[in-house]
Each structure stands twice: as structure tokens, then as C-alpha cells.
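What follows is a single structure, written as C-alpha cells, with notes after it.
Each chain gets a letter, A, B and so on, in the order the sequences are listed, and its residues count up from 1.
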Amino acid sequence: MEAAPKEKEKNLNFIEEIIEEDVKTGKNNSRVLTRFPPEPNGYLHIGHAKSICLNFGVAQRFGGQTNLRFDDTNPVTEDTEYVESIKEDIKWLGFNWAEELYASDYFDTLYNYAELLISKGLAYVEESSSEEIAKMKGTPTQAGVDSPFRNRSAEENLNLFRKMRNSEFDEGAMVLRAKIDMASPNMLMRDPLIYRIKKAHHHRTGDKWCIYPMYDFAHGQSDSIENITHSVCTLEFVPHREVYDWFIDKLEIFPSKQYEFARLNLTYTVMSKRKLLQLVNDNYVSGWDDPRMPTISGMRRRGYTAKAIRDFCDRIGVAKRENLIDVGLLEFFVRDHLNKIADRMMVVTDPLKVTITNFPEGKTEICSVENNPENPEGGHREMPFTHEIYIESEDFMEEPPKKFFRLAPGQMVRLKGAFIIQCDDFVKDEAGNIVELKCSYIENSKSGQDESGLKVKGVLHWVSIADAVPVELRIYDRLFKAENPASEEGEFMEYINENSLNIISAFAEPALKAATLDGKYQFIRKGYYVLDKDSNGNQLIFNQTVGLKDNWAKASN
RNA sequence: UGGCUUAUGGUGUAAUGGUAACACAGCGGUUUUUGGUGCCGUUAUUCAAGGUUCGAGUCCUUGUAAGCCAACCA
């Protein structure tokens, strides 16, 4: 009999509180329907992951569903490549949408809404240039002035708008504006533009339209058409809420409600699609899925798991305060998950040859090594132990400091999963570099059948030279040198870290030849790694997901 | 000379008028065939000034600071 898992009384965030209240009071018949509304003009990043976890999460929590709706009202920047990547990323994160929809599905309805507004005397065709429109808008501290085209008759407006649709005017010649209030303290209420002419091919509607609705005339209405109950977006849309509500009110359509939360900011990176696109276009990174990118696809290629990202999003919470979250917190959740699931492997990055003087040349002793101490069912693998092995150069010191639990003349260590060895001698080249160690192994100290009675403090990773597999390791550092490059003075590009990618060669144990693209590995005493898709038959390439914590290195600084 | 939003440890997030808590980071210890993991402990917080109240992080007033708003972007 299993004890009923006690529902942890988790605190609700402010959006969940609103929804809980709405469900309790029977608003919308207690129905909850949210939506995730990306514009298909770039790849999803960790900031979107926060929004996805929120939108899908609250719906799940309150028995509702979530639509995926592509906000594709600007054909110039949008593309199906992005649609596909966005769908893949959401699925990978572990969420399923109720319906896949597009704002462009509603172009006919939206057009009719516009005509309705015109006939109500609430919209007009503007012929001023964009510069003139901007000038007439005033400033935040100064009211705008009415356009000379503001008081045309509904008939004239309707006629002109239909001609706009029929491609009788050039781009920029005319726009449709809502007739609200040029003196509103909210700049967005000063007769916002709602339709513009763009003679561009749309990724879904092709060449059917030459006029496209603006965000403010598409988003709220799309929510309403889908009967979205809670439309959750980021803080920069707060001033848009008044416009959102105004259109729904004047159109007399289903009253979806907008709620805003603070977007995620992470240290040492940037989080806008525009900036990320610039990194891609200027070749600072290899693409949207470069492992240094904060994109979902980049993090996936880097080896981050969906669970780690979800746990992170859970932990950072949802509020209305501007925030800058330490990327170290994300890395904590990555390590936390990987520690439980990654197979341990041995890889030597800076080899130092060790000759086991009392182990016969040509002989191979097979060692059975545990794959994951955190997982009893993880099994074992075989590692060959031979006369000559590699260890890390930094694991030997001729004159060790106190508490150096590694190799030094006369000192003993355990080779992980194999034998205890003792350093008897070392060889230097003409330049004084240590090039080889002469060690003896303790025959009855083999892992799992140790009868030596010896206690050694240090445990080293190692690899048999004859069996070692040369591999390439790609080790990543933060993309930017400034904590918050976007808020720093000058261009964010000035703060880019030129040394964010470090490629090194290394020697791996033979089991790594069987590495797969979705396998997760911990290179013992080094970090977590995944096979990169750039690997081929001749060359295995691994990305470092994140390094292991290293208290020894920290203490010696 | 505008409007809107927000202010809680180093970073985030809770506390819904009644003992300021949780996570990460930091620091110390312990376990360990990874100087990893685990476990234990610990440092540190209510923007300011008034007011209401038996009692204020929470309510009121006045400040201060930060963010957003003047794209035919979303």
C-alpha cells in the first residue's frame, strides 16, 4: 500500500492566484485556456522557456489547455524554418499544445473587424507619412494633435481601405488607424496604426494579402477568437493592455484578459531575438543552435536536459519585478539532473605517460568499472589496464603542497576502478619538463577485490595508452564578459567574450567509441559532456555541457 | 514636464495585518574508489521618512530609485 503522495502546498504565483480565483468564482464557466504566441522570426530561447512553462503549467494545473499560436502578422521577417524549430523546441521541453494556430488564419476575420470599426466611425485611413504621423503623436509629456485625415466619412474610409486591400496604393502611402485619443497619456492610445500595406509574400497566405494587421490589432482579437481566458505576456506589453481591451470592447467580442509578468534575464548573455540574430549573422557563433547560445536548440546541443530547464523555470518563479538571474542557477539544475543520469567515463585531456614497471608489457587486465554511482542499475563497463597509461599532468607534482592527494615521488593513489599505484621515479626532458612517471602497481589492490589493506586518499582517472581513443573536446565559456551586456554602456557587442570556445584534444577510454548523440556522459573529475553532431567516423567530438564543481581549484586560489 | 509598472539577504522567490522563510551562491564540517554527489551546520534581508493599529514587509501619505511607453516590429 503506497502512501498517498502529499500534495506539496506550493505557493501560487500571482498569475496562478488570479486564475485560481477565476476558477473558484466560475468566471468563463471555470474554463482555462492559455496560449503561447511566438512570432516565427527566430529561435526560441530560455526566456521563452519561462513563458512556455508558465502558460502550459498554469493550464495543466487548473485543468485547462494551451494553444500554440504563431503571431505571423509581419511576412517580411517570418519564415517556416522558424515555425518548425519552435514546434520542435516546445515538444522537446515536454509540452503538448491543444491546437496549432496562426494569426494569419484570422486575416479574413481581422479584415472584417477593421471594416466594422470603420463603419462605426472608430477607424480612419491615414495618408500622412510615417514621419508626419510620428510628429503628430507628440511625446510622453506632450499631447499629440489630430491628423487632418481623422474626420473622413465612414464611406470614404471604407472605400480607401478596400483600395488598400486591392493593392491600389504603394507601400507606405496609407495606413489604417484606430480613432481613439490623440491626447491620451498612453502613447499607444494615440490613434494606433492597425493595418499597413506590405507587398510581401507571406509564409502561409502567400500573395493573397498586401495589407497586414499590426500586433495591436491582431493579438487581442486572436486571443478572443480562440476564447483564450488568460493571455499571459511580458511586462513591456503593459501599456498595450488598454488598447487590447479597447478593441475587444468596441468589437464586442469575447473578453480575453491580458496579464503581464517580468521576462527572464540571465547573467552574461543577451535575451532578445534581435541580438541573438546579430550574433548568428555576424558569425560570432556557428548558428542558432551554437552550444553557447541561450536558445533552446543551443542548450539542447550543449547537453542541457529539458528537465533541468523546467526545474530552473519552476525555481525562478514568476513576478513583476525586473530580474537578472545568475546563470549559475541554471547550471546547478543541469548538474543536478545530469549527476543522476550521466554515465561516468574517463578522459585524459593533458596526458602524462605512466609506465607500470611491474606490470608485464603486452598484458591486458580487464577492469569492470561502475557506470554511475548514483544509479545502482546503471551497470558496469570494461576498461583495459596495461603496461602504459595516461594520467593528467596536473595529477603529479614533484614537490607537492600539503593536502595534495595525488601523485608525487613516493606517494600512492588509486586509479579509479583499477589498482593502487605508487610513484617510484619520474623522467624529465632536457627542458626540465616531466615527461614520464615510473610507477609500480599493488597487485592485490584491484577495485572490488582489494586485499591490500592500503588506504589512499587520492583517486585518479586514467586511460590505457594502447587503447585510448583520440577525441576533440569543445569547452565553452560565457558568451559575454559583462554581467548584463544589454544594459552596459555602448553596444552589447563590445562585451563579447572572444575566448568563449576552447577546442582541445584528449584521450578517451574505448567505451566512448559507442557514444550516442542523446547519451549523457560525465568525464570523471572533469565535467558533463555530450557527443556533438559534428562528429564523424574519423573524429569524435564532445561538447562540455558544464564543468564539475571543483573545490580544490577554488581552495588553491 | 506625462502615464504605467516595480521596490524583501549577494541573486531570485515566498510570507495574503500576528515569530521574515525557501532555493542558489558564500562560509565551516562530515561522508566518499570522482577534491563530484550526499548529509549537517552557518553568515546575510523588508528603499526612505512620517502615519493608522495592541501589532505593519503587508494598509495610508509623501519622497527616492529602477524599468517600460513617442517602430508602417512583436
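Counting to the nearest Å, the P atom of U34(B) and the CZ atom of Arg344(A) are 10 Å from each other. For the pair Glu483(A) CD and A25(B) P, the computed distance is 16 Å after rounding to whole Å. Distance, Glu132(A) CD to C72(B) C1': 14 Å, rounded to whole Å. One interatomic measurement links the two molecules: CZ of Arg35(A) to C1' of A74(B), which rounds to 12 Å at whole-angstrom precision. As rounded to whole Å, 6 Å separates atom C1' of C69(B) from atom CG of Leu188(A). One interatomic measurement links the two molecules: CG of Asp550(A) to P of A25(B), which rounds to 15 Å at whole-angstrom precision. Atom NZ of Lys526(A) is separated from atom C1' of G35(B) by 13 Å (rounded to the nearest Å). Across the protein-nucleic acid pair, Ile316(A) atom CD1 and U13(B) atom C1' stand 10 Å apart, rounded to whole Å.
For Tyr304(A) and Phe312(A), the ring centers are positioned 6.0 Å apart or more.
Val456(A) comes within 4.0 angstrom of no nucleic acid atom, judged by non-hydrogen atoms across all strands. No engagement by Tyr212(A) is indicated, since no non-hydrogen atom pair under 4.0 Å with the nucleic acid exists. Among the protein residues, Gly417(A) comes within range of the nucleic acid bases, having at least one heavy atom under 4.0 Å from a base atom. Residue Lys198(A) is in sugar-phosphate contact alone, with no base atom involved, counting any heavy-atom pair closer than 4.0 Å across all strands shown.
Here C72(B) is the nucleotide among G36(B), C72(B), A74(B) with the atom lying nearest to any side-chain atom of Leu193(A). Counting only heavy atoms from C-beta on, Thr141(A) has its side chain closest to G2(B) among A74(B), G2(B), A70(B). Nearest nucleotide to the Leu548(A) side chain, out of U13(B), C72(B), G36(B): G36(B). Set against C72(B), C24(B), U33(B), the side chain of Lys416(A) has U33(B) as its closest nucleotide. Of the candidates A74(B), A70(B), G36(B), the closest approach to any side-chain atom of Asn74(A) belongs to A74(B).
Under 4.0 angstrom from either OP1 or OP2 of U37(B) there lies no side-chain N or O belonging to Lys340(A). Between Arg196(A) and C73(B) there is a side-chain polar atom (N or O) within less than 4.0 angstrom of OP1 or OP2. Note on Lys549(A): every side-chain N or O is 4.0 Å or more away from OP1 and OP2 of U34(B).
A donor-acceptor pair under 3.5 Å links the side-chain atoms of Thr34(A) to the main chain of Asn55(A), judged by distance alone.
Across the C1' atoms, A20(B) and U45(B) are found 8 Å apart, a figure rounded to whole Å. Spacing between G51(B) and G55(B) at atom P, rounded to whole Å, works out to 12 Å. Straight-line distance between the C1' atoms of U33(B) and G26(B): roughly 29 Å, to the nearest whole Å. Only the P atoms considered, C39(B) is 10 Å distant from C24(B), to the nearest whole Å. For the P atoms, the distance linking U31(B) with C40(B) amounts to 15 Å, nearest Å. Between A74(B) and A15(B), the distance separating the two C1' atoms is 36 Å to the nearest Å. U46(B) and U37(B) have their C1' atoms separated by 36 Å, given to the nearest Å. Rounded to whole Å, the C1' atom of U13(B) lies 22 Å from the corresponding atom of G18(B).
With hydrogens and angles ignored, no donor-acceptor pair closer than 3.5 Å exists between the side chain of Arg525(A) and the base of U34(B). Glu374(A) contributes a side-chain N or O that forms a donor-acceptor pair with the base of G36(B) under 3.5 Å. A donor-acceptor contact under 3.5 Å is formed by the side chain of Arg406(A) with the base of G35(B). A donor-acceptor contact under 3.5 Å links the side chain of Gln522(A) to the base of U34(B). Judged by distance alone, with hydrogens and angles left aside, Arg315(A) brings a side-chain donor or acceptor within reach of the base of C22(B), the pair sitting under 3.5 Å.
We find that Arg150(A) and Asp191(A) are joined by a salt bridge, their nearest charged nitrogen and carboxylate oxygen being less than 4.0 Å apart. The pair Arg263(A)-Glu236(A) meets the salt-bridge criterion, since a charged nitrogen lies less than 4.0 angstrom from a carboxylate oxygen.
Remark: Lys307(A) NZ is loosely packed, at most 12 non-hydrogen atoms of other residues, nucleotides or ligands lying under 6.0 Å away.
A donor-acceptor contact closer than 3.5 angstrom is absent between the side chains of Ser184(A) and Asp181(A). Side-chain contact check for His219(A) and Arg35(A): at least one donor-acceptor pair (N or O, by modelled atom type) lies under 3.5 Å.
A stacked arrangement is assigned to Trp552(A) and the six-membered base ring of G35(B), with a centre-to-centre distance below 5.5 Å and an interplanar angle below 30°.
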